[in-house]
Number of protein chains: 2
Amino acid sequence: MGSKKKWWQGKMKKAGLRLTAPRLSIIDVLIHSDDHPSAEEIYLALRRQYKKHTIGLTTIYRTLDILVQLGIVYKFDFGDGRTRYELSEGPNGFHHHHHLVCNGCGHIVDYTDFIDEEKELLDRTEKGLAKKYNFSIHHHLIQFYGLCEHCR
Amino acid sequence: MGSKKKWWQGKMKKAGLRLTAPRLSIIDVLIHSDDHPSAEEIYLALRRQYKKHTIGLTTIYRTLDILVQLGIVYKFDFGDGRTRYELSEGPNGFHHHHHLVCNGCGHIVDYTDFIDEEKELLDRTEKGLAKKYNFSIHHHLIQFYGLCEHCR
DNA sequence: TTATTAGTGGAAACCATTATCAATTACTGT
DNA sequence: ACAGTAATTGATAATGGTTTCCACTAATAA
Ligand SMILES: [Mn+2]
Ligand SMILES: [Mn+2]
Ligand SMILES: [Zn+2]
Ligand SMILES: [Zn+2]
């Protein structure tokens, strides 16, 4: 029962990385977060959680970089001056979605609407671009910007 | 002949902004640029151009903000730590395109492939999202990330 | 255990962007 | 043209998110 392998542990081990307490804690914060925390927000969440030993902000940045590299975490710029992060896979498998950003208050909406039709077109576009421009394409980013009902 | 009104001049006048030399120079750099210069790159281009009087970096940032606000210029984050800019309209009218980013060397490709099919889907998606989440959507961002043939 | 290597975190440095503010410039009305 | 005024400029200083440094600690190997 203690042997329940989390999906990211394999990835980290395979990359020759140690499963340290700080790293696991950081992933844990992301798992239990329902939005897109910045490095500092993760740092503060961990401070609240473990009053005694604080995990350094440096470690947060380093770990996030690693997790992004491994594809465990996605990294976003929503235009508020800080990089924001999100787990690439939810507890129930992949949770492919994109973002709707309010230019007024910065509120972010995760949406999955039209994702299937989009996927079809994006796949086609990716193939086309890859061939035409000799790129190997790894991922894409789609964001809509506007004003939420409160900021309108 | 000197009365040839450039399309952005109307927008600026209408917004109550003065058509100063620095502002016109900055737009000029963007017009003659075929890529996506950062504020500093625009600053350096202007220094090369006008040996005598240098336009301050502060003015560049301020002007770019204004131009973005007016929709004359688009603003991008391609992940290299500096904001990059591009005119929203080319000499021959709108030039709607998106970007392909090389994670290796940072090279950016402007592409217009599949833009029509994309437009159709995006319009539909925008309408759907606007209604469902009560957003007024103003624009969207699409970027593909990968490795160019040289960095592969 | 000892040796070796990976990981940590406080402090200092970095660097793109923003705020300040005195001097200059563009526009308005005379 | 001229003066009045409010907008604009730009050198300098400050800000703030992120990185670098490096001595120390923890994990793995021999
Ligand atoms: Mn999300
Ligand atoms: Mn472009
Ligand atoms: Zn809002
Ligand atoms: Zn490349």
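As a basis for the values below, the full set of heavy atoms in this structure was taken, side chains included, without hydrogen atoms, waters or symmetry mates. Note that the structure is predicted; figures quoted are calculated from it, not measured. The sequence lines fix the lettering, A, B, ..., with proteins before strands; numbering per chain opens at 1.
- Remark: A/D35 pairs with A/S33 by the side chain to side chain donor-acceptor pair (under 3.5 Å) rule, at least two apart or across chains.
- Summarising the geometry, the separation between CD1 on A/I60 and P on C/dG7 is reported as 16 Å, rounded to the nearest angstrom.
- By the side chain to side chain contact (heavy atoms under 4.5 Å, CB included) test, B/A15 pairs with B/L17, B/L70, sequence neighbours left out.
- Rounding to whole angstrom units, CG of residue B/D80 and C1' of D/dT18 are separated by 14 Å.
- Side chain of B/H107 to main chain of B/C105: no donor-acceptor pair is present (N/O by atom type, distance under 3.5 Å, no hydrogens or angles).
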Worksheet item: Given the rule in the side-chain hydrogen bond (donor to acceptor under 3.5 Å, both in side chains) test, do A/Q143 and A/H99 qualify, once you have shown the distances and angles that lead to the verdict?
Response: CA-CA 5 Å; A/Q143 290 177 1; A/H99 297 108; 4.7 Å; no
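- Listed by first and then second residue, the side-chain hydrogen bond (donor to acceptor under 3.5 Å, both in side chains) pairs that reach into residues 67-78 of chain B come to none, sequence neighbours excluded.
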Distance-only donor-acceptor hits, side chain of residues 39-47 of chain B, under 3.5 Å, sequence neighbours excluded:
from: B/E40; atom 1: OE1; to: B/R82; atom 2: NH1; distance (Å): 3.4
from: B/E41; atom 1: OE1; to: B/S38; atom 2: N; distance (Å): 3.1
from: B/E41; atom 1: OE1; to: B/R84; atom 2: NH1; distance (Å): 3.1
from: B/E41; atom 1: OE2; to: B/R84; atom 2: NH2; distance (Å): 3.4
from: B/Y43; atom 1: OH; to: B/R47; atom 2: NH1; distance (Å): 3.2

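- Within residues 33-48 of chain B, no residue places a heavy atom under 4.0 Å from DNA chain D.
- Applying the 4.0 Å criterion to OP1 and OP2 of D/dG10, one finds that B/H53 has a side-chain N or O inside that range.
- A search for salt bridge (Lys or Arg N to Asp or Glu O under 4.0 Å) contacts involving B/R62 returns nothing, not counting sequence neighbours.
- Note on A/R82: every side-chain N or O is 4.0 Å or more away from OP1 and OP2 of D/dT18.
- Nucleotide C/dG7 holds its P atom 12 Å from the CG atom of A/L67, rounded to whole Å.
- Checking side-chain atoms of B/S25 against main-chain N and O of B/A21 turns up a donor-acceptor pair under 3.5 Å.
- Computed from coordinates, the A/I55 CD1 to D/dT25 P distance equals 18 Å when rounded to whole Å.
- Within the helix from C/dT1-D/dA30 to C/dT30-D/dA1, the inter-axis angle between the opening and closing five-pair segments is 40°, rounded to 10°.
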Atom pairs under 3.5 Å: protein N/O with N/O of nucleotides 18-23 of chain C:
from: C/dA19; atom 1: N6; to: B/T58; atom 2: OG1; distance (Å): 3.2

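- Within the structure, every pair that satisfies the salt bridge (Lys or Arg N to Asp or Glu O under 4.0 Å) test and touches residues 107-118 of chain B, not counting sequence neighbours, is listed here: A/R124-B/E117, A/K132-B/D113.
- A search for side chain to side chain donor-acceptor pair (under 3.5 Å) contacts involving B/H96 returns B/H98, not counting sequence neighbours.
- Residue B/L24 contributes atom CG, which lies 14 Å from atom C1' of C/dT25 at whole-angstrom precision.
- Side-chain atoms of B/S88 come within 3.5 Å of backbone atoms of B/G71 as a donor-acceptor pair (strictly under, hydrogens ignored).
- Applying the side chain to side chain donor-acceptor pair (under 3.5 Å) test to B/Y111 and every residue at least two apart in sequence or in another chain returns nothing.
- Of all nucleotides listed (C/dG7, C/dT8, D/dT18), C/dG7 comes nearest to the side chain of A/L17.
- With hydrogens and angles ignored, the 3.5 Å screen pairs no side-chain donor or acceptor of B/T59 with any backbone N or O of B/I55.
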List, with names and distances, any nitrogen or oxygen atoms from the protein found under 3.5 Å away from nitrogen or oxygen atoms belonging to nucleotides 26-30 of chain D.
none

